[in-house]
Each structure stands twice: as C-alpha cells, then as structure tokens.
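One structure is given below, encoded as structure tokens.
The sequence lines fix the lettering, A, B, ..., with proteins before strands; numbering per chain opens at 1.
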Amino acid sequence: MKEKFYITTPIYYPSANFHIGHCYTTIIADAIARYNRFKGKDVFFLTGTDEHGQKIENKAKEANVSPKEYVDEIVSNAKDLWKSLNISYDKFIRTTDKEHEVIVQRIFDKLYEQGDIYLGSYEGLYCTPCESFWTESQLVDGKCPDCGRDVSLVKEESYFFRLSKYQDRLIKMFNDNPEFLQPVSRKNEMINNFIKPGLEDLCVSRTSFSWGIPVSFNLKHVIYVWIDALSNYITALGYMSDNDTLFKKYWPCDLHLVGKEIVRFHAIVWPALLMALDLPLPKRIFGHGWLKIGDAKISKSSNNYQDPRTYVSQYGVDAVRYYVLKEVSFGNDGNFSVEALVSRTNADLANTLGNLVNRTITMVHKYFDGKINYCTNYLDTDTKLLNSVYELVDVVDNKMEELRVSEAISSIFDVLRDCNKYIDENTPWVLAKEGKMERLEVVLYTLLESIRVCAILLQSFIPDTSSKIFEQLNVKDSKYENLKDKVGFSVNQPVVLFKRIEDK
RNA sequence: CGCGGGAUAGAGCAGUCUGGUAGCUCGUUGGGCUCAUAACCCAAAGGUCAUAGGUUCAAAUCCUUUUCCCGCAACCA
C-alpha cells in the first residue's frame with residue numbers, strides 16, 4: 001500500500017478577495033503536495049475558507065447581502081484564483097458546509113459532555129464602537145488602541161475550553177517532538193511566551209453576534225472560531241460522520257502549513273483540542289514567513305496589492321509560482337514587487353532555463369535533424385555534468401524533506417547554469433564545423449539528458465513549464481521512476497518557453 | 001525589563017547551530033563567443049558582516065551593551 005501524505009493550508013478568512021500572500025501559502029502547499037505525489041505517495045491536499053464571525057457579518061451588512069451570499073461570491077473568486085494558479089487541492093472545505101457544521105456541533109457536544117467545556121463568563125475591556133475586546137497591555141493610555149476612546153469592563157456569558165488542563169501534556173509534547181514545529185526556533189516562543197506563564201482557559205462561544213454555528217444545547221451562543229475553524233482539518237475527512245474512511249486513512253495530518261501569525265493556534269490550541277478528543281496529533285506544523293511589499297505586510301485593508309490574477313495573465317502562472325517559491329526562504333519573510341517578479345522571470349526562467357532549452361533543441365535539429373542516440377562514451381566534462389544532475393535528485397529530495405522549497409529550486413537552477421556553461425566550454429558549433437559528429441552527439445545527448453531530469457524535478461514547482469519541455473523533448477515518461485531512464489531523443493520543434501518581459 | 005525573530009556589497013539573500021582567507025543571484029564595468037530569447041560564458045569593481053565592548057591564537061559566527069525593523073500578546077497568509 002502506498003504511503004499516505006495529508007497536507008493542509010489554513011482555511012482563509014474570506015472577508016475580502018485573496019491577495020498574493022494567500023497565494024504564497026497555497027502555492028507552497030501545492031508544490032509540497034505535488035512533490036509527494038511525484039514520490040509516489042497517496043496525497044490528500046486540503047484547503048478552504050473559514051467563513052463565520054463578526055467581521056463577515058459586518059461586511060455583508062455593509063454590502064447589503066446575507067453573509068452567505070457575501071462569502072459565496074468570494075469563495076467562487078478564490079476557486080477561480082486557485083485554478084488559474086494550478087493548485088491541485090483534493091478538497092476545498094467551507095465552514096458553512098452542512099457536513100462541517102453538524103460535526104462541529106458534535107465535537108462541541110462531546111467536549112461539553114466530558115467536561116472539557118464549561119459555561120462561564122468572559123470579562124474584558126471592550127470598546128463598543130470598535131466592537132473589540134482588548135487586554136490591559138494592549139491599551140494605549142488606558143484607551144482603545146484603534147480609536148482612542150474609552151473602553152468599558154463588560155461581562156459576557158461564554159463557554160470555555162479547559163486549555164489549562166493540557167498545559168503539562170503540551171510541554172511534554174514539545175520536548176518529546178523537537179521536529180513538531182518548524183522552524184524549530186518558534187518552539188521557544190511557544191513555550192516561553194505562552195505555555196510557561198500559564199495557559200488560560202479558552203473562550204469558545206460568543207453571544208454578541210449570530211453568524212456562526214449554534215451551540216446545539218444553548219442557541220443563544222454560536223461556536224467561536226477556535227473549534228469551528230481548527231476542526232476543519234478533521235471534519236474535511238469525515239471525522240464523526242457516517243463515512244469516516246478518509247479520516248481513518250489520512251489522519252494524523254503530515255503537515256499543517258500556516259503563516260507565522262497563526263502558529264500559536266496550531267501549536268497550542270489545536271493539539272490541546274485533539275488531546276481532548278483523544279486523537280493523534282499532527283506530525284508537523286510549518287510556520288512560514290510572509291511576502292511583504294516594501295517593509296509593509298500585505299493587508300486586505302491597505303490596498304497595497306492587486307488581484308493576483310493580474311500577474312498571472314500578464315506574466316504567466318509559472319512566473320508567479322516560481323517567484324513566490326523562490327523568494328521566500330525557509331521560515332523567513334520575502335518581498336513582493338512587480339519589478340522583482342519581472343527581473344526573476346527574465347533572469348531565471350527566460351535566460352537560464354528557457355534559452356538553454358531553446359539553444360539545445362535548435363542545435364539538435366541543426367546538426368542531427370532532431371535525433372540523438374543514447375550515448376555512453378563520455379569524457380570527464382560529460383560525466384561531471386551528468387553526475388551532478390543525478391545527484392540533484394537526492395539534493396532536491398533532502399531539501400524538500402526539510403521543507404526548504406526555495407533551496408530545492410535554487411539547486412536545480414544551479415545545475416541549469418552549469419549546463420549553459422557546459423555548452424560554452426564544449427562549443428558544439430566548433431565541433432560541427434570540424435566535423436566531429438560523434439563527439440557532438442555525446443555533448444548534445446548530455447545536454448538533453450540534463451534538461452530532461454531537471455524538467456522532471458521542476459514539475460512540482462512549475463508544472464506547465466515542465467510539460468512544455470517534455471513536449472519539446474518528446475519525452476513521454478516523467479515519473480520518479482523515469483529519472484534514470486537511459487533513452488535517446490527525437491525532439492520536436494523548439495518553442496520559446498518564456499519570452500523576456502521588456503520594460504513597459 | 002512581556003516573548004520570539006531579524007540587521008551581511010547598489011538591490012534581494014545564504015553563511016551563524018558545529019569560530020579558521022566573506023559567498024550566491026540580480027545590477028554595474030570590461031572581455032569572449034555566435035548554437036540561442038539583447039541570450040550565453042569569463043573577468044573586474046563593490047562589504048570596517050547594524051553598534052559598543054568581551055572571550056579566543058583566531059569572531060559574521062560565542063557572550064554582553066545600545067539602536068532600528070518585524071511577528072505574537074484570544075484570530076489579516
């Protein structure tokens with residue numbers, strides 16, 4: 001039986017259309033999902049939307065539509081966006097899905113019945129105009145940090161989850177599983193900042209708004225985001241439903257991919273909920289960095305971004321995919337700008353990769369009418385290149401295992417640069433002029449073989465481009481098992497993969 | 001003193017765990033080549049590794065100081 005691999009993105013909050021930051025998270029998840037499929041695993045890739053809450057309720061009111069109508073519009077937009085980015089998700093869950101709502105209620109009931117949820121009251125400093133609760137330390141001069149007005153102490157009846165009860169088990173879990181949270185440096189933050197000072201019980205219901213899943217036994221309350229949103233990772237698989245075959249097959253999750261700002265909920269609240277439900281914990285959580293614009297974070301409210309589809313239609317899906325995957329290194333922030341996108345596309349995709357494929361295939365037609373046999377009579381220079389190409393398979397594999405996607409891609413492009421260098425060192429046009437056709441064939445074979453392997457490895461990141469390269473190389477088999485095929489080539493006509501983007 | 005991360009050529013980054021001649025991509029300048037998409041290859045210029053001190057034969061790397069930036073602090077990827 002095939003090894004399974006379950007990977008998730010966060011479920012995004014559809015209060016506005018998605019921006020390039022959402023795309024980054026989803027593209028990196030897609031690349032990891034594709035890579036694991038490529039390695040032969042049985043992959044389940046989940047994404048979706050977290051659609052309840054006050055903010056959506058307000059937004060809908062402003063737009064004079066029902067909350068459901070409001071999110072429907074954004075979700076259909078999002079699905080179109082994922083399609084345009086070649087996102088290969090297996091399921092798109094919405095927290096307004098009937099199946100999800102029913103199970104969330106069952107989870108809430110179960111936790112209540114076993115005493116992990118109790119009725120209490122939430123007391124906090126509340127700014128009425130902003131409809132927000134603040135902690136003491138968040139206040140500026142004792143006033144609301146948003147609007148500067150007075151806050152008042154209010155009490156609201158709420159259900160609470162006994163998070164505090166799981167404190168010791170959480171600490172033990174972190175210590176026993178050093179790889180649980182990636183990058184590892186975030187572990188200290190979780191333990192020092194949150195767990196050690198003492199976990200407070202978590203408020204898991206609200207009475208101040210109604211756009212949410214009702215508590216089944218107390219309809220005044222709606223279930224607050226924690227249980228509603230986090231549990232999507234198991235409700236999507238049919239946990240506690242009539243058909244839980246997916247759940248049995250894929251849980252526990254292999255990788256929850258999340259942005260660094262929600263690491264805490266996934267590293268503390270989610271494991272505690274799972275402990276309460278007596279379920280195995282996810283194997284790994286990766287808190288990635290952000291794409292920023294200049295020094296600013298991308299924000300739905302500040303309008304410093306365009307619809308990502310603009311970039312896709314203008315520069316191509318793989319230009320966008322390549323850019324975000326390459327730009328953000330492991331766990332750190334990256335930058336987004338159109339200038340950098342153009343420069344990266346030209347330098348790497350058009351020049352290094354595109355031009356290499358083009359010049360190689362052109363020579364194969366020019367000197368050999370498109371046909372090159374499998375060769376074995378290598379010189380050192382050939383062996384050196386081919387060895388680095390075959391070693392690349394393991395290099396990429398190790399990097400991907402560590403979730404170092406950017407470095408995995410870089411290592412492929414290093415080899416592509418070596419290919420360009422190899423051409424200049426071996427000057428095929430001189431060999432042709434001197435009539436050394438046997439040597440020339442070995443050189444061109446070495447290049448075609450190198451390109452073939454690189455294209456196979458690039459599939460997870462820029463799938464469309466890899467397909468185009470296979471088409472030109474006339475290569476049919478691009479699976480993991482085909483990496484070391486020994487084949488001759490009968491290539492098709494060269495087609496430009498990426499046109500250079502000229503200044504507008 | 002809330003917790004954590006960061007500051008390295010003009011730009012974007014790696015290197016820091018495990019101290020040993022400061023590296024990559026882009027950009028700039030010069031040269032080469034002509035198979036190719038103004039491409040490709042070679043070379044050069046350009047850095048007191050944020051700051052001040054300490055440990056050491058030796059510090060970008062370890063310890064401490066200061067400054068600035070970012071994230072978290074009950075939900076913006």
Picking from [options], which would you name as closest to the side chain of [X]?
X	options	result
A:His19	B:A77, B:C35, B:C75	B:A77
A:Tyr367	B:A74, B:G12, B:C35	B:C35
A:Asn351	B:A74, B:C40, B:U25	B:C40
A:Trp226	B:G32, B:A77, B:A74	B:A74
A:Ala350	B:U37, B:C35, B:C76	B:U37
A:Val496	B:U37, B:U34, B:A77	B:U37
A:Tyr13	B:A74, B:A77, B:C26	B:A77
A:Lys260	B:A74, B:A77, B:G71	B:G71
A:Tyr12	B:U37, B:A77, B:C41	B:A77

Taking the [atom1] atom of each, how far is [N] from [M], in whole Å?
N	M	atom1	result
B:G31	B:U67	C1'	45 Å
B:C24	B:U66	C1'	32 Å
B:C63	B:G23	P	25 Å
B:U48	B:A60	P	13 Å
B:C13	B:G27	C1'	15 Å
B:G47	B:G15	C1'	14 Å
B:A7	B:U16	C1'	13 Å
B:A9	B:C70	C1'	24 Å

Would you indicate what [X] reaches in the nucleic acid, counting non-hydrogen atoms under 4.0 angstrom: base, sugar-phosphate, or nothing?
X	result
A:Ala347	sugar-phosphate
A:Leu497	base
A:Phe413	nothing
A:Asp228	nothing
A:Leu202	base
A:Asn420	sugar-phosphate
A:Phe265	sugar-phosphate
A:Asn358	base

Anything below 3.5 Å on both distances counts as a pair; with that, list the stems of at least three consecutive Watson-Crick or G-U pairs involving RNA chain B.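 As far as RNA chain B goes, consecutive pairing (with distances under 3.5 Å) yields the stems B:2-7 with B:67-72, B:10-13 with B:23-26, B:28-32 with B:40-44, B:52-54 with B:62-64.
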Taking the six-membered ring of A:Phe92, is the NZ or CZ of A:Lys79 close enough (under 6.0 Å from the centre) and on axis enough (within 45°)?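 The answer is yes; both the distance and angle limits are met.
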Check the distance between [N]'s [atom2] and [X]'s [atom1] and give it to me in whole angstrom.
X	N	atom1	atom2	value
A:His266	B:C75	NE2	P	15 Å
A:Leu325	B:C13	CG	C1'	16 Å
A:Ile501	B:A38	CD1	P	14 Å
A:Leu291	B:G12	CG	P	15 Å
A:Asp348	B:C13	CG	C1'	13 Å
A:Leu447	B:C40	CG	C1'	12 Å
A:Ile268	B:C75	CD1	P	15 Å
A:His52	B:C76	NE2	C1'	19 Å

Would you indicate, yes or no, if [N] has its OP1 or OP2 atom less than 4.0 angstrom from a side-chain nitrogen or oxygen of [X]?
X	N	result
A:Asn335	B:C13	yes
A:Asn346	B:C26	no
A:Arg264	B:A73	yes
A:Lys421	B:C42	yes

Check the surroundings of atom CD in A:Glu73: do more than 12 heavy atoms from other residues, nucleotides or ligands lie under 6.0 Å from it?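 Atom CD in A:Glu73 is not crowded, with 12 or fewer foreign heavy atoms closer than 6.0 Å.
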Does a sphere of radius 6.0 Å around CD in A:Glu401 hold more than 12 heavy atoms from other residues, nucleotides or ligands, not counting ones at 6.0 Å or beyond?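 For A:Glu401, atom CD is not crowded (no more than 12 foreign heavy atoms under 6.0 Å).
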Find the distance between [atom1] ([X]) and [atom2] ([Y]) and round it off to the nearest 0.5 Å.
X	Y	atom1	atom2	result
A:Phe180	A:Ile285	CZ	CD1	3.5 Å
A:Ile56	A:Asp50	CD1	CG	7.5 Å
A:Asp348	A:Lys326	CG	NZ	5.0 Å

Taking the nucleotide of RNA chain B with the closest heavy atom to each, which residue, A:Cys203 or A:Val430, is nearer the 5' end?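 Looking at the nearest nucleotide for each, A:Val430 comes out on the 5' side.
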Can you say whether a donor on the side chain of A:Glu407 sits under 3.5 Å from an acceptor on the base of B:A14, or the other way round?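 Such a pair does not exist between side chain and base.
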Centroid-centroid distance, A:Tyr24 to A:Phe336, less than 6.0 Å: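 No - the distance between ring centres of A:Tyr24 and A:Phe336 does not fall below the 6.0 Å cut-off.
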Are A:Ile423 and A:Arg359 packed together at the side-chain level, in the sense that at least one heavy-atom pair is separated by less than 4.5 angstrom?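 Counting from C-beta outward, A:Ile423 and A:Arg359 do come under 4.5 Å.
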From A:Tyr70, A:Trp211, A:Phe209, residue fulfilling ring pair (Phe, Tyr, Trp, His ring centres under 6.0 Å) relative to A:His52: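 Single ring pair (Phe, Tyr, Trp, His ring centres under 6.0 Å) partner of A:His52 among A:Tyr70, A:Trp211, A:Phe209: A:Trp211.
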Salt-bridged, A:Asp414 to A:Arg417, with N to O below 4.0 Å?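 Salt bridge: yes.
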Could you label the plane-to-plane angle of the A:Tyr233 and A:His256 rings as parallel, tilted or perpendicular, counting under 30° as parallel and over 60° as perpendicular?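 Tilted, since the angle between the ring planes falls between 30° and 60°.
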